[in-house]
Structures are given as structure tokens and as C-alpha cells.
Amino acid sequence: MHRRTALGGALTALATAAAGVLVAAAVSTAPAAAAAGGTGTGYLHTSGNKIVDSTGATVRLTGINWFGMETDNKTFHGLWSSNPWRSQLDTMARLGYNTLRIPYSNDALKSGATATGINDFVNPDLIGLSPLQILDKVIDYAGSKGMRVILDRHRPTSAGQSPLWYTSTVSEATWINDWKMLAQRYAGNTTVIGADLHNEPHAEGTNPAATGACWGCGDTARDWRLAAERAGNAILGVQPNWLIFVEGVSCPSGGLSNVWDNDPSNDEDCGWWGGNLSKAGQFPVRLNVANRLVYSPHEYATSVYRQAWFDDPSYPANMPAIWDKYWGYLYKQNIAPIMMGEFGTTLQDPKDKIWLQNLMAYTGTGVNGMSFTYWSWNPNSGDTGGIANDDWTTINQPKQDILTPYLIPPTGGGGTTSPSPTGTPNTSPAPTTPPPPVTGGCTAIYKQINSWAGGFQGELTVKNTGTAAVNPWSATWTWPSGVTLASGWNATVTQSGTTVTAAGPAWASSLAPGASVTVGFTANGTAATPGSVKLNGTAC
């Protein structure tokens, strides 16, 4: 269980377990198709309080967290469920989440790290892969759907979070070197847009002997602002196109407030772990590459910790001033963009529904609103729950209903047939006019990738051998009775009776002359070769 415990707005435990220095070669991954609409085109940068794409168009990131790579499993949670990993991403994109924030620990990056908790029957394509190789696949598929990815160094080790960006066993050098490795690994892949440097720096110890993360105190061993500059500039030195996401602290001094040290003279104003950016205006993060800085506060409800402001007689009217003070001023004064990296609630307390509704309204509507990534997709977040229900397939509709008006879906689609909130298949409506016939012909090549008791995985490559583009394209084939579709990708794949249809997604709806498309799928039943393959009604 991914649990957060609150101590003065504190979230989760200190990490002290060992981690080593990673030495890894860069891995070349193909750049994702250029995104458009909700996530823009090319790499992103900032302009005042806006995030803009390579054309200067304003982009609002409306995303979600999918955690697990920071835990002992060293990979995404929910891979143990009966819902394939691609199908889960399909659902996120369909619901309107255009960005994926992925927490990790440095343990998951080590040579020899092993991913566990994977349902091999449902996800046979992940068998034997390392945590980084699984991350590669998730990034590539998310990019094919027009989604963006933010990497989040969540913990030094899988044991737990830490107040500082380093521990006695995980040095600052390890932290920075691992970031540089990731920046090099995904260089040129515009799906990966930036680095959330360290999750939830926070106070520890009592003043004047504070030992936690401060902001602007000038102590290089504790000043998170200075550390963020060192890491951010190191990353930009190898990948100048990335955005650098910088969270706040809890108490600017780095020491716990008087509530915890019984020192009435210390009346410091403290907030959530990672949520206090009140000193960022006075002490801004200075990066060597202009227009790359995004501030990323965290904000939570009573299900995490019952802050005093929740019981103020004026609640919720008091909340905008609190958000203004901690981080909203940076946006309102046009200093920098805000990307709220985490916020969430179980919605069990009626105050939490009011909180979430008011917080979303505070971020603004439309493309000019503040960016965010909701915590979380995972239902196993102990004190927030998730958008996914415990089956990792159906969704928590009350939460989704509050978020939906603020979501800007990624441009693109495809992948598997995603479940609707009730768990019934979500099939695309039939087109009002039939797709155009193929001018010429087509060929089809089938390759079985894997098989297991009760199922198999395959790829069907269909080539347009005609003289004109097929737009939109749609391939069909038949299977013997008893073979049923489990998941599919690179197209919107559905099944009716024994006929399977793979429809071209919006991001790749045209199949040019001489071009081919490879539709991947997993199926239940005895392995069978697709029969009677057709491209827009023309037999291949």
C-alpha cells in the first residue's frame, strides 16, 4: 500500500536504505509522434506563467500519477491486475489525462534491478524486462496516444521518502548522475518533457537545530532552492529542451513548526510537504537555460491530514488566500507556470469534495489554467485512493466528474477498447459513411509473438499496395469461434462475433501508398492465425 502519514503536513517516511551509483549506457528510443492540441507540438518551454509548445501555442498539462516504480516492485502498480497495461493507459487518455507523471526511486535505475508484481498472463510482453525497459514501453505507448511524460524522482530508495534530496547512502552525485542518465536515455523523444527533481522536500528537526530542507537559508547542505539549481542545470547541460519541475518545501527554515517543537517563539508558517513555495518569489530558482522553470506544489485534503484551515469558520472561502500565499502568487504575478504535481482525496469527508471542487476552480478553466497531475491513477494509495477502482479497470466516477471539466484530452487515440466507468466495453460508434475502398490492393503478414495456456499474443502487419492513401483505414479479420480479444494497440481494436476490426486512430488515420501498419494484440483461446484479412473491405 502506498501510504502517506501526516506530521505537520508531512507525507510518508524518511528513506535511509542503501542505494548505489548507477552506470548505464544510453538507450535509443524512437521519438513519439508529434503531439498536437492538448499537449502541443515538439518540446515545451515557458513564457511568463504559461507552458507553450515549439510553435508558441499555450499548453495545459492535465495529467495523472501512475506510481509503483518507486516501491519495492520497481515498476508500475496494477500490472498484477487483469487489465493489460496498455488498456490502462487507453483509459487514462480517454478520460482526458494528457500527461503521465511517473514516480521512481534510484533503486529502480540500478543495473540488475528486477521488476516484480507483473501478471505474465495479461502482460506477456513485459516478461523478463528490467524496470527501465518497462518504462521505455510505457513512454513509447503514451507518446503514441499524444500524452506527455514527466519523470519524478520520488525517493532515494524504495524504502521511503526523505526530507533532503540525498541521504547517508544516496549521495547528491548519485541523484544528479541518475538524472543525467535519464535525460540522455530519452534525448530526442518529445514525449518525455521534463524532470520533477525530488519529491516533497520537507522539514526535520527543530529550530535552531533544523536538519530538513529549507528555502533560501543559504546552507548548501539543506537549501532546496540551491540544490534544485545544481541538479536542474546539470540536466539542462545534457538535455536543454527539458522543463525543470521544482517542488516547494514544508517549512522555509527547514525546521518543524512550533506545533511540534513546543516553542511558541517559532511561529513559522508551514504547509504540505513540497507545497510551500512562499519564498520562491524572494529566492527564485535560477537556471542556465531560460524559460525552463515550472514550480510544482503539492496540495491535499483532510484524508491525508486535517490542516487547521479545513476547520476555519470561513471554509472554503479562506482557501484561495492560502493557495495564493503558498504558490498561487507565482502564477498570478506572471513569475512562472504552476504544475500542481500531486493533489488528491478519498472524498470520504464532505469537506474534501468541497476542497476538490474549489481547488479545481482556482486553477482556472481552459488552456490558460494551471497545469496539474492528479494523485493518483492507483486505487492502492492508502489515504487518497485513485481514479481507478480496486479492479484497475472501472473508475471512481465521483472524482472523475469533478475533474472532467478541467481536462484537456491528448490528441490521438488508438490502443485497446477501454472499459467504461461501469466496466462494460467502450466501443467506438460506427462511422456515418463507410470507409473508402482501397485503390489497388493490400498484403497482410501475421507473426505470433508469444503463447501461453489459454491465450496468445500476435502482430498483424497490413500494407497498402494501392496507388492512393486509405483515409481513414480499417482492417478486419476473423478468428475461430472461442477466440476472443483481450487487448490491442496501434489501432482501436474491437470484436463482434468472430470478426475483429482494427480502426485507424486519429493520430494515424491515413495509410499512404506503400505504407504499412502493425496491429498488436493479445487474445484468449487457442492460438489462431487471423483469417479473411481485409483493408477497407478489400481482401489482402
Side-chain angles (χ1 to χ4, degrees), residues 79-91 94 118-127 141 391-394 413-435 437-438 441-465 470 472-505 511 516-540:
L79 300 184
W80 55 66
S81 74
S82 60
N83 193 14
W85 68 271
R86 286 186 178 88
S87 180
Q88 296 192 49
L89 281 169
D90 289 341
T91 302
R94 175 177 61 80
I118 299 173
N119 184 335
D120 294 347
F121 179 82
V122 172
N123 299 302
D125 53 333
L126 303 184
I127 295 173
Y141 189 65
D391 59 4
W392 294 87
T393 301
T394 59
T416 63
T417 300
S418 301
S420 70
T422 60
T424 56
N426 173 42
T427 55
S428 301
T432 54
T433 57
V438 178
C442 58
T443 60
I445 300 174
Y446 175 67
K447 179 180 180 181
Q448 183 172 307
I449 303 300
N450 204 349
S451 65
W452 53 92
F456 62 100
Q457 177 184 355
E459 290 181 350
L460 179 66
T461 300
V462 178
K463 183 178 181 179
N464 176 13
T465 60
V470 183
W473 65 267
S474 178
T476 60
W477 67 86
T478 60
W479 270 331
S481 178
V483 177
T484 59
L485 177 72
S487 66
W489 49 94
N490 294 339
T492 300
V493 188
T494 57
Q495 181 172 1
S496 177
T498 59
T499 300
V500 181
T501 300
L511 194 61
S516 59
V517 61
T518 299
V519 179
F521 57 80
T522 58
N524 303 314
T526 303
T529 300
S532 303
V533 180
K534 297 180 181 179
L535 179 61
N536 286 29
T538 298
C540 300

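FYI, the numbering just counts along the sequence from 1.
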- Query: Is there a side-chain contact between Trp479 and Thr526, using heavy atoms and a 4.5 Å cut-off?
  - Reply: no

- Nearest heavy-atom contact between Gly488 and Asp90 is O-OD2, 4.3 Å

- Message: Using side-chain contact (heavy atoms from CB on, under 4.5 Å), reason through Gln495 and Thr484 one step at a time and then give a plain yes or no.
- Response: CA-CA 8 Å; Gln495 181 172 1; Thr484 59; 4.1 Å; yes

- Query: Between CG of Asp125 and CG of Asn450, what distance do you get to the nearest 0.5 Å?
  - Reply: 9.0 Å

- Item | Side-chain donor or acceptor of Asn536 paired with backbone N/O of Val470 under 3.5 Å | no

- Query: Any side-chain heavy-atom pair from Val462 and Trp477 closer than 4.5 angstrom?
  - Reply: no

- Item | Side chain proximity check, Pro124 to Gln457, heavy atoms < 4.5 angstrom | yes

- Item | Rounded distance (nearest 0.5 Å) linking atom CG of Leu460 with atom SG of Cys540 | 8.0 Å

- Donor-acceptor contact below 3.5 Å, side chain Asn123 vs main chain Ile118: no

- Do Asn464 and Trp473 have side chains that get closer than 4.5 Å, going by heavy atoms? no

- Message: When you measure from the side chain of Thr538 to the backbone of Gly441, do you find a donor-acceptor pair of N or O atoms at a distance under 3.5 Å?
- Response: no

- Item | For the student: nearest non-hydrogen atoms of Cys442 and Thr465, plus distance | N-OG1, 3.0 Å

- Query: Any side-chain heavy atom of Leu535 sitting closer than 4.5 Å to one from Leu511?
  - Reply: yes

I'd like a table of donor-acceptor pairs (distance under 3.5 Å, sequence neighbours excluded) in which one partner is a side-chain atom from residues 498-505, with atom names and distances.
none

- Residues at least two apart in sequence or cross-chain that pass side chain to side chain contact (heavy atoms under 4.5 Å, CB included) with Thr529, listed by chain then number, are Tyr446

- Are the side chain of Asn119 and the backbone N or O of Pro84 linked by a donor-acceptor pair below 3.5 Å? no

- Sub-3.5 Å donor-acceptor pair from the side chain of Asn83 to the main-chain atoms of Trp392, do we have one? yes

- Task: Could you tell me whether the side chain of Thr91 reaches within less than 4.5 Å of the side chain of Gln88, counting heavy atoms only?
- Result: no

- side chain to side chain contact (heavy atoms under 4.5 Å, CB included) partners for Ser82, two or more places apart: none

- Message: Quick check: closest heavy atoms across Pro530 and Phe521, and the distance to 0.1 Å?
- Response: CG-CZ, 4.4 Å

